[in-house]
Amino acid sequence: MSKYRTHNCNELNEKNTGDNVVLSGWVNKKRDHGNLLFLDLRDNYGITQCIIDKENSHFVKLERLQLETVIRIDGKVVKRSNDSINKEINTGGIEVSIDSFEILGVCRELPLPVFSNQEYAEEIRLKYRFLDLRRKKIHENIILRSKVISFIRNEMNKLGFLEFQTPILTSSSPEGARDFLVPSRLNPGKFYALPQAPQQFKQLVMVSGFDKYFQIAPCFRDEDARADRSPGEFYQLDLEMSFVEQEDIFNVVEELFVNTFKNFSNKRLLFNKFPRITYKETMLKYGSDKPDLRNPLLINDITDIFLRKDVSFEIFKKLVNSGSNVRCIVTKNTRDKPRSFFDNIDKWAKEQGASGLAYFTIEKDNDIHAKGPVGKFFSKESLNEIMSQTGAEIGDSVFLACGKLNELEKITSLARDKIAKDLNLVDENVFAFCWIIDYPMFEIDEFSKKIKFSHNPFSMPQGDKNKINFEKPLEILAYQYDIVCNGIELSSGAIRNHIPELMYKLFNVAGYSKIDVEKKFSGMINALSYGAPPHGGIAPGIDRIIMLLANEKNIREVTMFPMNQNAQDLMMNAPSSVNESQLKELNLSLKTKK
RNA sequence: GGGGGUGUAGCUCAGUUGGUUAGAGCGAUCGCCUGUCACGCGAUAGGUCGAGGGUUCGAGUCCCUUCACUCCCGCCA
């Protein structure tokens with residue numbers, strides 16, 4: 001028998017009545033009646049109410065125990081009377097009458113209450129993370145995380161994938177995010193880099209003939225944090241398959257995600273077969289490449305309306321003539337919404353830095369006409385045309401924005417979210433997955449105006465390999481895809497380019513010579529030159545999957561020991577200074593601070 | 001690098017137009033209480049109002065600088 005317990009704190013019930021038991025755990029809560037003390041003992045599994053009265057010599061010591069002290073209790077299970085049963089906890093039918101106890105771990109005065117639904121400042125939570133992690137919600141989130149990862153491993157194994165580890169100390173890559181660098185002691189002046197993702201390694205695994213690979217892979221990127229983005233490190237379900245096309249990857253991922261999300265959430269999946277939306281289409285309809293498909297609102301381009309003679313909305317017409325576009329969002333049956341509803345949205349848009357959102361509502365008395373501040377600018381015929389282009393009907397409202405394509409996409413995307421929120425159109429009990437496909441291979445850099453890779457330079461371009469028109473690089477599409485759920489980007493993936501000659505040509509478009517490519521990606525190019533299978537994969541973010549399943553808005557809520565926004569670990573004091581001898585051994589010296 | 005929000009007791013917060021000795025709940029300490037499960041009742045201790053400077057007869061409150069945390073933009077192939 002264990003010295004510390006015969007049962008955990010979630011096990012005992014009426015059937016144990018009369019048993020002598022040993023429990024160990026934390027003092028979660030005391031209710032002291034002076035001559036009678038209730039003490040809730042908590043462990044990982046649950047809570048058991050323990051009780052002691054003044055007759056017992058241990059009473060005074062127990063009465064004075066600090067909450068969160070770790071104790072062992074010897075006692076007897078007692079059935080509770082019917083009127084004192086607690087249905088909130090699994091052990092609520094019984095209580096343990098304490099015979100004796102022992103303190104196993106003393107606890108100082110707490111910097112934050114553990115048993116409380118209060119919310120606390122992030123700083124104190126992170127500094128005392130070990131206390132924060134004892135709290136119910138986050139404790140459960142971390143357990144959920146473990147279970148989800150275990151489930152995914154199991155599913156991947158069932159699907160025939162092999163799990164491999166790839167190096168953590170590797171070489172710096174020229175593309176992408178900033179690397180974390182690690183100085184090499186044995187190679188003075190040289191640095192390892194922590195992998196931003198095992199991208200090249202997993203391709204090498206395919207070249208090595210292993211066929212299907214996965215890994216719950218740590219990834220390191222020295223970029224600034226967001227609510228859904230940890231600074232420094234995060235985890236991906238990294239996977240890669242040989243002899244596959246895009247469709248094969250989609251099938252595996254859809255099966256995995258449907259199973260995982262059905263298993264760990266009560267929310268409904270809006271699509272079991274995830275819709276595929278081209279990049280071009282999503283940027284038009286949703287203004288974003290991570291659309292939230294729970295939101296039914298769509299964006300339409302109605303620029304041509306403003307070239308008509310019977311439309312007299314001069315501000316927009318002038319902008320359209322100088323190259324701007326007009327896009328609109330139609331809201332169904334909003335004719336009875338108060339003026340304030342519309343004005344609030346217009347005001348909100350101005351706060352977002354846009355010039356506002358014009359709007360009108362389509363009405364019909366004898367004739368169709370538009371009501372609202374800009375309604376008078378639209379003829380009956382032009383309204384009919386808008387209705388046929390957008391599907392708007394009598395009683396619907398049309399919100400209009402005008403601008404250059406980039407800013408127009410941005411504001412209409414935000415407006416789509418804002419309006420849906422105001423009209424309460426988003427079903428929170430749903431997961432809406434989709435694939436974004438057909439990403440362009442290249443794009444123009446906004447500042448340098450040069451051609452650059454829009455995503456992964458190792459992606460396979462679409463179409464006949466011999467007929468790709470490198471003269472028009474912006475028209476080349478890639479077998480490059482994203483998976484999105486509820487407006488959150490879970491992952492990018494691609495069919496890889498396994499043909500070195502083709503890779504040289506594509507890099508050439510982006511301004512890299514053959515020698516550049518050989519220098520920077522020598523390992524990769526070399527490997528692809530010795531018989532590489534066609535292959536592709538994807539790498540969904542584990543942390544974001546858990547966020548969705550745990551219904552959390554911040555990634556720290558599903559991360560055991562997260563860093564703060566400035567990439568500091570407040571509990572371990574990382575990063576920290578190192579002493580001179582460590583630096584010397586690494587052949588490093590620090591520039592003196594300003 | 002830039003923009004927004006927050007910062008008052010160990011924790012969560014209130015603090016009016018600038019005006020007496022800065023308050024509450026929880027926690028802590030002490031006392032009372034034998035059926036609670038957010039137990040109840042009473043008392044006590046606990047404050048560099050993030051820091052520095054300024055305006056003023058007078059600053060938690062107004063102004064400037066700065067720090068911390070956070071959200072967003074940039075960034076994240």
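Residue numbering restarts at 1 for every chain, and letters A, B, ... go by the order of the sequence lines.
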(message) Taking only side-chain N and O atoms of A:Arg31, does any of them lie within less than 4.0 angstrom of OP1 or OP2 on B:rC39?
(response)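 Affirmative; the distance criterion is met.
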(request) Would you please determine if the base of B:rC39 is stacked by A:His33, with stacking meaning a centroid separation under 5.5 angstrom and planes under 30 degrees? (result)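 Yes, the aromatic ring of A:His33 stacks with the base.
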Can you tell me which nucleotide in [options] comes closest to the side chain of [X]?
X	options	result
A:Lys410	B:rG35, B:rC69, B:rG74	B:rG74
A:Ala177	B:rG35, B:rC76, B:rU70	B:rC76
A:Phe38	B:rG27, B:rG35, B:rC75	B:rG35
A:Arg64	B:rC30, B:rU70, B:rC75	B:rC30
A:Asp224	B:rG35, B:rU70, B:rG1	B:rG1
A:Asp32	B:rC37, B:rC33, B:rA38	B:rC33
A:Lys29	B:rA68, B:rC72, B:rG27	B:rG27

(message) Does A:Asp179 reach a base, just sugar-phosphate, or nothing at all? Heavy atoms under 4.0 Å.
(response)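 Nothing, no heavy atom under 4.0 Å.
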(message) Counting only Watson-Crick pairs (N1-N3 plus N6-O4 or O6-N4) and G-U wobbles (N1-O2, O6-N3), all under 3.5 Å, who is the partner of B:rC69?
(response)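 Base-paired to B:rG5.
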(request) Name the pairing partner of B:rG40, where a pair is Watson-Crick or G-U wobble with both distances under 3.5 Å, or state none. (result)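 Here B:rG40 is engaged in a pair, and the nucleotide opposite it is B:rC32.
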Validation row, ring centre [X] to ring centre [Y] under 6.0 Å:
X	Y	value
A:Phe442	A:Phe453	yes
A:Tyr479	A:Tyr439	no
A:His498	A:Phe458	no

(message) With side chain to side chain contact (heavy atoms under 4.5 Å, CB included) as the criterion, how do A:Val106 and A:Gln66 come out once you've worked through the C-alpha distance, each side chain's angles and the decisive distance to 0.1 Å?
(response) CA-CA 8 Å; A:Val106 294; A:Gln66 173 70 244; over 6 Å; no
(message) Within the 3.5 Å criterion, strictly below it, is a donor on A:Asn456 or A:Ser459 matched to an acceptor on the partner's side chain?
(response)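 No, A:Ser459 and A:Asn456 have no side-chain donor paired with an acceptor closer than 3.5 Å.
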(message) Is it the case that the side chains of A:Ser172 and A:Asp179 hold a donor-acceptor pair, with the cut-off being a distance below 3.5 Å and no angle test?
(response)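 A pair is found: one side chain offers a donor N or O, the other an acceptor, under 3.5 Å apart.
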(request) Heavy atoms under 4.0 Å is the rule here; annotate nucleotides 7-13 of chain B 5' to 3' with B where the base is hit, S where only the sugar-phosphate is, and - elsewhere. (result) ---SSS-
